[in-house]
There are 2 protein chains.
Amino acid sequence: MVVSGRQTGRPTLEEVAARAGVGRGTVSRVINGSPRVSEQAKAAVDRAVAELGYVPNRAARALAGSRTDAVALVIPETEARLFAEPYFLDIIRGVSAELADADKQLLLTLIRSDKERQRFEQYLAAQRVDGVLLVSVHADDPLPDQVRALGLPAVLNGRRSEAEPVAYVDSDNVGAGRSAVAHLAGRGRRRIATVTGPLDMYVARCRLDGYRQGLAEAGLASDAALVATGDFTEEGGRRAMRELLARTPDLDAVFAASDVMAAGARGVLREAGRRVPEDVALVGVDDSAVARHMDPPLTSVRQPIEEMGRTMARLLLQEIGIASEEQPRRVLPTELVVRDSS
Amino acid sequence: MVVSGRQTGRPTLEEVAARAGVGRGTVSRVINGSPRVSEQAKAAVDRAVAELGYVPNRAARALAGSRTDAVALVIPETEARLFAEPYFLDIIRGVSAELADADKQLLLTLIRSDKERQRFEQYLAAQRVDGVLLVSVHADDPLPDQVRALGLPAVLNGRRSEAEPVAYVDSDNVGAGRSAVAHLAGRGRRRIATVTGPLDMYVARCRLDGYRQGLAEAGLASDAALVATGDFTEEGGRRAMRELLARTPDLDAVFAASDVMAAGARGVLREAGRRVPEDVALVGVDDSAVARHMDPPLTSVRQPIEEMGRTMARLLLQEIGIASEEQPRRVLPTELVVRDSS
DNA sequence: GCCACGTGTGGGAGCGCTCCCACTGCGTCT
DNA sequence: AGACGCAGTGGGAGCGCTCCCACACGTGGC
């Protein structure tokens with residue numbers, strides 16, 4: 001027996017029109033919520049739609065109209081490994097929730113090679129999505145500008161620089177550094193070091209700035225010897241921590257710009273015989289699962305990741321609706337979660 | 001100044017045909033790789049495509065043909081919290097890689113409420129995707145059957161039961177339990193307990209079966225007092241561990257059916273003054289980031305998650321290509337990763 | 001009473017493809 | 001030699017929508 005698989009039984013707009021006793025145009029207007037329809041006609045159409053179980057065919061819509069009702073979320077794969085992974089899942093969660101409410105599709109695109117990047121650009125050019133969400137862009141990433149050049153709305157997660165021209169949603173990274181240092185200073189720490197992210201990333205520079213501001217506000221002197229550069233990986237955290245211990249053995253606290261780097265640092269501290277938090281207090285950023293499961297559990301600065309995802313989606317939908325000249329930007333607050341490591 | 005945004009400049013198939021000096025039909029055939037085209041015509045079309053930078057309009061394709069070149073990956077949100085999160089990211093990674101090679105879209109759908117579930121079903125009915133990938137289905141989940149009833153190919157990640165009627169990709173969960181127990185027994189452990197997942201999930205039952213087989217193969221007696229039921233959460237692991245300690249204080253090893261539960265168990269063991277691994281050896285499943293960052297690092301049974309994702313996508317593409325009656329199934333092997341906790 | 005207007009409506013003309021039928025040549029079989 | 005097949009081809013007819021023009025009605029002003 002051959003199964004057809006292709007049930008042509010789905011009602012079309014034309015059938016709805018016939019059943020409601022109106023023209024195609026009127027049905028289309030009702031479906032799309034145009035105000036130029038009489039109460040009576042609207043009611044008739046609504047009933048016909050319900051009776052027939054009509055669902056508009058999106059391909060036809062996309063072809064005839066211009067919008068596609070789909071939005072792309074782009075994650076460069078190189079970054080995906082760097083950040084604590086749950087980060088992306090939370091972003092996805094937030095984006096997905098917001099898009100579902102607006103009845104838009106979420107198209108997920110991982111870009112892991114130049115070939116795929118090219119394919120994606122082609123894809124955009126083929127008018128396949130209404131807008132683009134970009135996660136974790138590097139300072140030199142041209143993708144956001146390319147997207148905008150195609151006339152597509154875009155929203156970034158994180159900025160590439162202070163003067164980011166494209167719409168973005170970021171968290172208060174300066175505040176993250178400040179609150180971490182304030183907390184450490186408040187517990188009597190005086191030689192507070194930091195392990196930074198890669199300094200070609202704006203997020204890393206912001207957290208470093210916050211660290212410095214925090215020191216100043218606590219009346220502590222800044223000391224270049226207390227700053228070591230990592231790369232957001234565990235191994236990078238380890239390397240930076242070794243460097244710090246060699247340079248400034250008298251440090252009594254470390255602010256790591258990510259939980260993963262904090263985990264690396266923690267390993268080195270243990271090998272060096274430093275107890276956490278007795279000898280060295282430790283604070284990370286992300287409040288990830290890693291932080292909760294470290295020994296001792298890591299004090300960390302929480303970012304509202306899912307909320308960032310939601311906000312990104314919201315801004316994008318807004319831009320799709322009304323193509324404003326001005327690029328919206330949001331900076332969301334962070335929050336210190338105190339655990340045993342500090 | 002108003003920006004148009006709508007560059008109509010994209011070449012159409014018709015233009016390509018004109019430029020190549022052939023008919024529309026021939027261009028379509030070349031684009032779709034039909035064999036019924038002369039070398040000469042193909043060359044002309046290929047050149048025209050390259051010169052014009054032609055990219056087929058997918059909406060038109062979907063409307064005229066029947067396929068959409070898109071595949072949905074569905075993740076029930078309730079589950080998303082249960083499993084170690086990176087699991088999903090790895091699945092996504094694998095699926096995405098495979099789909100990109102086949103030039104298919106990945107549509108990500110998180111379902112977190114009945115409303116969204118309904119919307120998704122409507123969506124499927126509207127012929128919007130060529131196939132569906134389903135992650136982490138519960139034993140009583142009707143979604144897979146609904147999808148198949150709509151005539152859409154589907155592939156599950158994990159089975160709902162031994163006799164799963166729908167195509168699936170699973171990992172060797174029995175083998176996972178066996179190898180964990182074999183390892184523990186090999187290190188001289190004799191009172192090996194287990195913390196299971198929720199027993200209405202087939203995966204949990206399989207791991208428990210594996211545990212029992214492992215005991216039998218090591219010549220150790222099965223003892224109901226050594227089995228406690230968890231629910232794949234950390235808190236569940238904690239509860240189960242307390243239960244085990246109360247019932248069988250002489251246990252010297254624990255096989256937890258997930259890393260997250262192992263983390264919960266580890267906390268309880270510590271509170272009870274049992275050292276890991278000296279007093280109690282601990283093994284988990286997933287080989288997640290949590291496992292690597294535990295103290296001591298957790299021995300864990302690794303699943304080839306990304307590979308599962310790839311395989312799922314591959315099976316689905318295959319089914320889309322040739323609608324076979326028979327549902328393919330794959331079971332991938334697991335691998336023990338030994339660390340300090342055992 | 002006539003014109004101008006605004007509101008609501010029907011339906012033609014596509015959007016850019018795929019499907020498929022009809023047609024041309026040419027080689028092959030009787 | 002004629003009949004037949006078949007590879008290769010062109011192009012008509014949609015797919016199910018949206019857009020927009022045209023038109024039927026009011027209603028108000030003069």
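Just the heavy atoms: all of them, side chains too, but no hydrogens, waters or symmetry mates, feed the values below. In this text, all values refer to a predicted model and were calculated from it rather than measured experimentally. Below, chains carry the letters A, B, ... as their sequence lines are ordered, and counting in each starts from 1.
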Inset, instruction - Tell me which residues in residues 37-62 of chain B put a heavy atom below 4.0 Å from DNA chain C, sorted by number, or none. - result: B:Tyr54, B:Pro56, B:Asn57, B:Ala60, B:Arg61
Legend entry - From B:Arg310 atom CZ to B:Asp101 atom CG, the distance as rounded to the nearest 0.5 Å: 6.5 Å
Legend entry - salt bridge (Lys or Arg N to Asp or Glu O under 4.0 Å): pairs with one or both residues in residues 34-48 of chain A, sequence neighbours excluded: A:Lys42-A:Asp46, A:Arg47-A:Glu51
Legend entry - Whole-Å gap separating P (D:dG10) and CD (B:Glu14): 12 Å
Inset, instruction - Look only at the side chain of A:Arg119 and the backbone of B:Ala100, and say whether a donor-acceptor pair between them is shorter than 3.5 Å. - result: yes
Inset, instruction - Mark yes or no for whether B:Glu319, through its side chain, and B:Leu315, through its backbone, hold a donor-acceptor pair below 3.5 Å. - result: no
Inset, instruction - Taking the side chain as every heavy atom from C-beta outward, state whether B:Ile92 and A:Phe88 have any pair of such atoms under 4.5 Å apart. - result: no
Inset, instruction - Could you list by number each residue of residues 22-32 of chain B showing a heavy-atom separation from DNA chain C of less than 4.0 Å, or answer none if no residue does? - result: B:Arg24, B:Ser28, B:Arg29, B:Asn32
Inset, instruction - Note down the inter-axis angle between the two ends of the helix from C:dC2-D:dG29 to C:dT30-D:dA1, five pairs each, to the nearest 10°. - result: 50°
Legend entry - Side-chain ion pair, A:Arg10 and A:Glu15, N-O less than 4.0 Å: no
Inset, instruction - Could you tell me the separation between the CZ atom of A:Arg10 and the C1' atom of D:dC15, rounded to a whole number of Å? - result: 15 Å
Inset, instruction - To the nearest 0.5 angstrom, please state how far the CG atom of B:Leu150 sits from the CZ atom of B:Arg148. - result: 10.5 Å
Inset, instruction - Kindly say whether A:Ile305 contributes a backbone atom to a donor-acceptor pair with the side chain of A:Gln303 at under 3.5 angstrom? - result: no
Inset, instruction - Please state how far atom CZ in A:Arg67 lies from atom C1' in D:dC19, giving the value in whole angstrom units. - result: 12 Å
Inset, instruction - Any salt bridge (Lys or Arg N to Asp or Glu O under 4.0 Å) involving residues 125-143 of chain B? Give me the pairs, sequence neighbours left out, ordered by first then second residue. - result: B:Lys104-B:Asp130, B:Arg117-B:Asp141
Inset, instruction - Using whole Å, report how far CG of B:Leu13 lies from P of C:dC17. - result: 5 Å
Inset, instruction - Not counting sequence neighbours, which residues clear side chain to side chain donor-acceptor pair (under 3.5 Å) with A:Gln105? List them please. - result: B:Tyr123
Legend entry - Given DNA chain D, 5'-ward residue of the pair B:Pro35 and A:Gly65, judged by closest heavy atom: B:Pro35
Legend entry - Nearest-angstrom distance from the residue atom CZ of A:Arg36 to P of D:dC23: 20 Å
Inset, instruction - May I ask you to check whether B:Ser96 and A:Arg112 show a side-chain donor-acceptor distance below 3.5 Å? - result: yes
